[in-house]
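Remarks on the structure that follows.
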Amino acid sequence: MKRYRLMICIASTFLILTSCGQEESHRETVEKPDKKITVLDQVDKDGKIEVKDVQDINGLRAFQFLNENTMIVSKENKQFRSHDFGPKEVYAQNLATYTYNLKNKSTFVLHPSNEIQHAAKLSPNGEYLFYKVAKGEDTFGYIMNLQTKKTVKIKNVLLYPSSGEWLNNSEVMFITMEGKLSKANVKGEVEPLLHRDDRILDAVKGIGGIYYIGVNNQLFFLHNEQTDPEKIRDNVVSIIPSPNGKQLALVQQKDAQTRTLSITDLKGSEAFQLALSTQIFGVSWSPDGSKLAYNFISEKEGDKGIFIADGLTGDVTHLNVNLDYAADQLDWSQSGNKLVASSFTQNQVHTYIIFLK
């Protein structure tokens with residue numbers, strides 16, 4: 001298992017490259033205006049993050065942990081043959097709970113229907129499930145009461161396929177196909193959340209307001225009691241606030257072939273640059289906010305897979321898991337001892353439950 005360290009501090013303006021001997025790891029120190037980056041590659045000392053076990057589950061696509069031993073997943077339901085994908089045999093994809101322990105494994109379909117159900121997200125109290133249904137090229141939003149299994153359709157709006165986040169236990173926000181930010185309550189009633197003409201690309205909840213990415217990938221923060229947003233940073237692809245809301249994980253587009261993952265304060269000031277690669281996605285904070293998991297793909301270096309970074313030290317561990325491309329955002333169990341990721345391999349969906357030491 002490889003470990004990497006990335007540290008950033010204040011420095012002057014020039015460039016230094018140094019290499020250590022074979023007894024130590026490869027070291028590279030880069031000094032630039034206002035910062036010094038030291039990269040230690042392939043540190044052979046034992047780290048705190050190790051893979052204890054991996055369960056590979058064929059045919060399930062996992063979205064989120066419901067509790068320590070149960071996940072919200074989607075699975076093929078052969079009771080229904082979908083008619084939306086041409087002549088080949090394609091079945092409905094229905095949301096389900098998947099429960100596993102040492103003795104048995106069980107799957108329970110939540111809402112059997114001739115639908116492609118996906119992108120499920122639990123409300124903070126775990127009572128409701130926001131999910132989407134794909135019908136042709138259109139995406140519709142639904143909210144399910146997990147106790148009664150009753151579902152409500154979000155009214156009179158088409159959703160952008162990748163958007164959606166709970167604001168609280170009874171309201172979910174999302175981006176419409178027109179690029180407008182709206183919210184819906186558990187009755188499916190919709191109202192605008194941001195009264196602006198600009199097209200919104202992504203939005204997440206922050207402390208006292210909402211972060212959103214507008215045209216040209218500019219990141220803004222709109223305070224709850226204000227009408228004019230505050231610009232935070234340029235070239236932002238995605239933003240993931242820490243669980244306590246006091247830090248941000250930012251994926252930025254540096255050029256056509258390069259993205260970076262950084263940890264910043266709430267104003268976008270960088271503390272750590274954790275990764276630089278062709279693609280960085282699936283970013284997810286651990287429940288205690290001490291670690292970041294992400295999918296990393298470097299076409300130049302050939303590295304790819306699941307990585308975990310320490311949010312305080314910058315140490316990065318490449319997990320020894322046979323998964324190159326994650327289909328969705330990674331998700332942690334409540335204890336922080338498990339990580340789940342799904343991937344498509346040879347037209348088959350696989351879910352990997354990664355048990356960490």
Side-chain angles (χ1 to χ4, degrees), residues 1 48-77 93-112 117-132 142-151 164-166 169 172 240 242-244 282-295 305-308 317 319-323 326-345 348-357:
M1 182 176 299
K48 294 182 179 180
I49 303 171
E50 294 183 22
V51 175
K52 180 179 179 182
D53 188 25
V54 179
Q55 289 187 10
D56 181 353
I57 309 162
N58 186 24
L60 295 183
R61 181 178 181 177
F63 297 108
Q64 196 171 0
F65 280 96
L66 179 61
N67 55 50
E68 197 65 25
N69 294 304
T70 303
M71 299 182 300
I72 301 294
V73 302
S74 66
K75 67 183 296 289
E76 196 174 60
N77 188 346
Q93 295 285 333
N94 287 173
L95 295 174
T97 56
Y98 175 77
T99 302
Y100 59 95
N101 53 47
L102 293 176
K103 294 184 178 180
N104 56 53
K105 302 173 179 63
S106 62
T107 306
F108 176 77
V109 177
L110 295 170
H111 184 63
Q117 303 167 355
H118 65 102
K121 290 197 175 183
L122 285 162
S123 61
N125 60 8
E127 294 182 5
Y128 292 94
L129 189 67
F130 168 66
Y131 67 97
K132 297 166 189 169
Y142 289 80
I143 296 175
M144 180 191 301
N145 184 312
L146 283 177
Q147 183 175 2
T148 66
K149 307 302 183 291
K150 180 181 178 181
T151 64
E165 178 175 332
W166 286 92
N169 288 322
V172 64
I240 307 93
S242 63
N244 65 8
V283 181
S284 178
W285 289 92
S286 61
D288 64 0
S290 66
K291 301 177 183 67
L292 268 177
Y294 56 94
N295 196 184
I306 305 298
F307 290 72
I308 295 180
T317 302
L319 299 186
N320 186 20
V321 179
N322 187 26
L323 188 157
D328 303 286
Q329 185 176 26
L330 308 175
D331 191 59
W332 297 79
S333 67
Q334 288 85 339
S335 68
N337 295 327
K338 301 171 190 173
L339 194 64
V340 67
S342 295
S343 181
F344 289 94
T345 305
Q348 289 286 327
V349 64
H350 290 257
T351 281
Y352 299 87
I353 305 176
I354 305 166
F355 297 79
L356 302 172
K357 291 183 182 180

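- In this pair, Y294 and F307 present their aromatic rings parallel. The plane angle is below 30°, not in the 30 to 60° band.
- A donor-acceptor pair under 3.5 Å is formed between the side chain of Q117 and the backbone N or O of L95.
- Considering NE2 of H350 and CZ of F344, their distance stands at 10.0 Å, rounded to 0.5 Å.
- Here the side chain of S343 pairs no donor or acceptor atom with the backbone of L323 at under 3.5 angstrom.
- Without hydrogens or angle criteria, N295 side chain to A326 main chain gives a donor-acceptor distance under 3.5 Å.
- The side chain to side chain contact (heavy atoms under 4.5 Å, CB included) check on N145 picks up Y128, Q147, T148, with sequence neighbours excluded.
- Contact between W166 and P124 at its shortest, heavy atoms only, is CB-CD, 3.8 Å.
- Looking at S74, its side chain never comes within 3.5 Å of a backbone N or O of H118 through a donor-acceptor pair.
- Taking the side chain as every heavy atom from C-beta outward, I72 and T97 approach each other to under 4.5 Å.
- Contact of the N322 side chain with the D56 side chain is not registered, since no non-hydrogen atoms from C-beta on lie closer than 4.5 Å.
- For S242, the side-chain hydrogen bond (donor to acceptor under 3.5 Å, both in side chains) test picks out N244, with sequence neighbours left out.
- Considering only heavy atoms from C-beta on, D53 stays 4.5 Å or farther from K338 through its side chain.
- Residues V73 and A62 share a closest heavy-atom pair of CG1-CA, 3.9 Å.
- The two residues S286 and W332 come nearest to each other via the heavy atoms N-NE1, 3.4 Å.
- In this structure, the side chain of D331 engages the main chain of F65 through a donor-acceptor pair within 3.5 Å.
- Counting heavy atoms from C-beta on, the side chains of L356 and I308 come closer than 4.5 Å.
- By the side-chain hydrogen bond (donor to acceptor under 3.5 Å, both in side chains) test, H111 pairs with no residue at all, sequence neighbours left out.
- L122 and Q64 get closest at one heavy-atom pair: N-OE1, 2.9 Å.
- The distance from atom NZ of K291 to atom CD1 of I49, rounded to the nearest 0.5 Å, is 5.5 Å.
- Counted by atom type alone, S335 and E68 present one or more donor-acceptor pairs between their side chains at under 3.5 Å.
- The structure places CG of L330 at 13.0 Å from OH of Y352, a figure rounded to the nearest 0.5 Å.
- Atom CE in M71 sits 9.0 Å away from atom OG1 in T107 (nearest 0.5 Å).
- The shortest non-hydrogen separation linking Q329 to V283 is NE2-O, 2.6 Å.
- Of the inter-residue distances, the one linking S333 atom OG with I353 atom CD1 reads 10.0 Å to the nearest 0.5 angstrom.
- Going from atom OG of S123 over to atom CD1 of I143 covers 9.0 Å, rounded to the nearest 0.5 Å.
- Under the 3.5 Å distance criterion, the side-chain polar atoms of K75 are left unmatched by any main-chain donor or acceptor of A96.
- Taking D328 as the reference, R61 meet the side-chain hydrogen bond (donor to acceptor under 3.5 Å, both in side chains) condition, with sequence neighbours excluded.
- Side chain of E127 to main chain of N169: no donor-acceptor pair is present (N/O by atom type, distance under 3.5 Å, no hydrogens or angles).
- Remark: T151 pairs with no residue by the side-chain hydrogen bond (donor to acceptor under 3.5 Å, both in side chains) rule, at least two apart or across chains.
- Partners of T99 under the side chain to side chain contact (heavy atoms under 4.5 Å, CB included) rule, at least two apart in sequence or in another chain, are T70, S106.
- The backbone N or O of Y98 sits nowhere less than 3.5 Å from a side-chain atom of K105 that would complete a donor-acceptor pair.
- Closest approach of W285 and P243 over heavy atoms only: CB-CD, 3.6 Å.
- A heavy-atom distance below 4.5 Å is not found between the side chains of V54 and L319.
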